[in-house]
Novice: 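Here you go, one structure.
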Amino acid sequence: MSRILFCDDNLRAKLHYAHIDAIELGCRDCAFDFVEDQPPEAIVQEVQEDPDCFYLTDPIGLLNACTKLNYQPNDRTILLVSDKDNQILSPIAAQLGQLRFVLGAPNPSLLRGFVASVLEFHLSGQIRGIIPRLLRPDGINAKSIVLTDASARSKVQEGVVEFFAEQIQHHRTTLVTGISSYPKYLGDVVDEFLMNAIWDAHPARRTMDRSTPPALDPNEQVEIECMCDGANLSLSVTDHHGTFPSGAFAKPIRYALGFKDEPQLNEGPGGAGLGLLMTLQKVAALSIEVEAGQITRSVALLRGDQPLREMQRRPRSVMIFEKR
């Protein structure tokens, strides 16, 4: 069995050596070979024939592979973008919804973690998402909240804001200035995630009035996890409906690539509407982890080394882990 991550030679020529090292380390973490000297024709053929090969490329490489080599983007395509606007991909816009991993040029440590998360998920088929590969376990401060009463949503929001404000103060000597709004941003994000978990994920509640909190059954509790390792701030919200439909993944992927003019989709359940797009305006990375009928976990990440203004200028990372 050949486990290979192929890097498009066009992308390879643009990458900083630190990013190349990070990708190589991410591969090594999962016993993958990193191959960076093959022409696109050979890469496309290998990826199409071998289900254990991945293709790392950029927008120009993906456009050429799709238009000239009949390549179809899939869950073994990793797209690395350096700009928020990728209209160059307009000719293949209809195929972009098949992507699952768009990485917005993160710093080397995050890039290593993102790549390893994708490869590990492919190998194990188990959803661990991005947090185990990203946050340093030795320095984590965490806060766990279990929502059993939908009317306590605003209280949860306050707790999230308070936790991250405390973490920024605690790590003020190592985090950059210009991130004082991040706790408020994560408070807004947790509210969006909870709306999705309480209403959108439940078939009978999608059209209900959201000003009236519904009663939650014991098996409907929602788990909130806040974490900070002194470098990154992460927030995850988990429900156990597992109702996020594959067809709804296109919207956050397209948004991360700069396509904001998408017609309304038949989004179905799982909160793939405006809520996720609003979330993407406020975070550096969004991960969605889904096992049908079992779990939906939404994870938001903000970087402690990236001030607000820089974060707003940079492309977002969107990663979708779908256990079939």
Side-chain angles (χ1 to χ4, degrees), residues 14-16 18-19 22 58-59 78-90 96 99 101-111 113-114 130-131 134-135 157 160-161 163-165 167-169 171-172 174-193 195-196 226-237 249-262 271-288 298-320:
K14 301 175 192 172
L15 287 174
H16 188 275
H19 286 101
D58 65 356
I78 304 174
L79 185 63
L80 193 61
V81 298
S82 56
D83 297 305
K84 286 181 73 173
D85 187 344
N86 295 280
Q87 296 301 315
I88 187 176
L89 293 171
S90 294
L96 298 178
L99 289 167
F101 308 109
V102 174
L103 307 185
N107 65 17
S109 66
L110 289 186
L111 182 57
F114 285 161
I130 59 174
I131 297 305
L134 290 188
L135 271 59
Q157 189 177 18
V160 167
V161 173
F163 171 81
F164 287 113
Q167 291 306 304
I168 288 178
Q169 178 64 19
H171 295 286
R172 63 189 180 279
T174 54
L175 300 179
V176 298
T177 57
I179 63 171
S180 59
S181 58
Y182 284 2
K184 169 66 166 59
Y185 274 28
L186 289 167
D188 294 341
V189 169
V190 78
D191 196 50
E192 293 292 347
F193 284 173
M195 294 273 279
N196 293 342
C226 307
M227 291 182 163
C228 176
D229 64 354
N232 300 295
L233 314 174
S234 79
L235 165 76
S236 68
V237 172
F249 292 138
K251 186 163 280 192
I253 289 288
R254 284 173 55 95
Y255 182 92
L257 294 171
F259 289 84
K260 300 187 177 111
D261 56 347
E262 185 182 359
L274 286 175
L276 283 185
L277 302 192
M278 288 171 62
T279 294
L280 275 170
Q281 293 172 13
K282 297 186 174 185
V283 301
L286 171 69
S287 165
I288 303 168
S298 301
V299 182
L301 184 82
L302 280 165
R303 289 169 43 181
D305 67 344
Q306 189 177 55
L308 173 63
R309 286 186 179 179
E310 184 188 343
M311 188 267 284
Q312 290 174 332
R313 284 197 305 265
R314 305 300 296 163
R316 307 298 194 254
S317 297
V318 175
M319 308 181 70
I320 295 168

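Below, each value reflects all heavy atoms present in this structure, side chains not excepted, and no hydrogens, waters or symmetry copies. Residue numbers start at 1 and run along the sequence shown.
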Novice: Just wondering, do L79 and L96 contact through their side chains at under 4.5 Å, heavy atoms?
Specialist: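 In short, these two side chains do not touch, never coming nearer than 4.5 Å.
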Novice: Rounded to the nearest 0.5 Å, what separation is found between the OH atom of Y185 and the CE atom of M278?
Specialist: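 Here the interatomic distance stands at 11.5 Å.
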Novice: Under the criterion side chain to side chain contact (heavy atoms under 4.5 Å, CB included), I'd like the reasoning laid out for I130 against F114: C-alpha separation, chi angles, the key distance, then a yes or no.
Specialist: CA-CA 6 Å; I130 59 174; F114 285 161; 4.2 Å; yes
Novice: Please report the closest heavy-atom contact between G187 and Q157, naming both atoms and the distance.
Specialist: O-NE2, 3.1 Å
Novice: For R303 and Y182, which heavy atoms make the closest approach, and how far apart are they?
Specialist: O-CE2, 3.5 Å
Novice: What's the shortest heavy-atom distance between L233 and C228, and which atoms?
Specialist: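 Looking at all heavy atoms of both residues, the shortest contact is CD2-SG, 3.5 Å.
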Novice: How many angstroms lie between atom CG of L301 and atom OG of S236, to the nearest 0.5 angstrom?
Specialist: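 Result: 11.0 Å between the selected atoms.
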Novice: Between K84 and G104, is there a donor-acceptor pair closer than 3.5 Å when you use the side chain of the first and the backbone of the second?
Specialist: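 Such a contact is absent between K84 side chain and G104 backbone.
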Novice: Verify whether one side chain among N232 and S234 offers a donor that lies under 3.5 Å from an acceptor in the other.
Specialist: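 Short answer, no.
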Novice: Check the angle between the aromatic planes of H16 and H19 and answer parallel, tilted or perpendicular using the 30° and 60° thresholds.
Specialist: perpendicular
Novice: Could you walk me through whether L276 and N196 satisfy the side chain to side chain contact (heavy atoms under 4.5 Å, CB included) test, starting with their C-alpha distance in whole Å, then the side-chain angles of each, then the deciding distance to 0.1 Å, before giving a yes or no?
Specialist: CA-CA 9 Å; L276 283 185; N196 293 342; 4.2 Å; yes
Novice: Please determine whether side chain to side chain contact (heavy atoms under 4.5 Å, CB included) holds for the pair D191 and D188, giving the CA-CA distance in whole Å, both sets of side-chain angles, and the decisive distance to 0.1 Å.
Specialist: CA-CA 5 Å; D191 196 50; D188 294 341; 5.8 Å; no
Novice: If I take atom CZ from residue F164 and atom CD from residue Q169, how far apart are they, to the nearest 0.5 angstrom?
Specialist: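 So the CZ of F164 and the CD of Q169 are separated by 16.0 Å.
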Novice: I'd like to know if the side chain of Q87 and the backbone of G258 have a donor-acceptor N/O pair within less than 3.5 Å.
Specialist: yes
Novice: I need the minimum non-hydrogen distance between L277 and Y255, along with the two atoms involved.
Specialist: CD2-CB, 3.8 Å
Novice: Just so I know, are the side chains of P106 and L80 near enough to count as touching, which here means a heavy-atom distance under 4.5 Å?
Specialist: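 They are in contact (side-chain heavy atoms under 4.5 Å apart), so the answer is yes.
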Novice: Shortest non-hydrogen contact from P59 to I88?
Specialist: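 Where P59 meets I88 most closely, the heavy atoms are CB-CG2, 3.9 Å.
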Novice: CG of D229 to CG of L135: how many Å apart, nearest 0.5 Å?
Specialist: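 Taking CG in D229 and CG in L135, the distance rounds to 4.0 Å.
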Novice: Take L110 and L134 through the test side chain to side chain contact (heavy atoms under 4.5 Å, CB included) and record every step on the way to the result.
Specialist: CA-CA 6 Å; L110 289 186; L134 290 188; 3.7 Å; yes
Novice: Can you name the closest pair of heavy atoms from V176 and Q306 and give their distance?
Specialist: CG2-N, 3.8 Å
Novice: Any side-chain to backbone donor/acceptor pair from R316 onto I253? Under 3.5 Å, distance only.
Specialist: no
Novice: Can you tell me how far apart CD1 (I179) and NE2 (H171) are? Round to the nearest 0.5 Å.
Specialist: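 One gets 10.5 Å once the value is rounded to the nearest 0.5 Å.
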Novice: Is the closest side-chain heavy-atom distance between F259 and L89 below 4.5 Å?
Specialist: yes
Novice: Within the distance-only criterion (no hydrogens, no angle test), does the side chain of R254 pair as donor or acceptor with the backbone N or O of P252 below 3.5 angstrom?
Specialist: no
Novice: Rounded to the nearest 0.5 Å, what's the gap from CE on M319 to CG on L286? Could you check?
Specialist: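 It comes to 10.5 Å.
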Novice: Does NZ in K184 sit with more than 12 non-hydrogen atoms of other residues, nucleotides or ligands closer than 6.0 Å?
Specialist: no
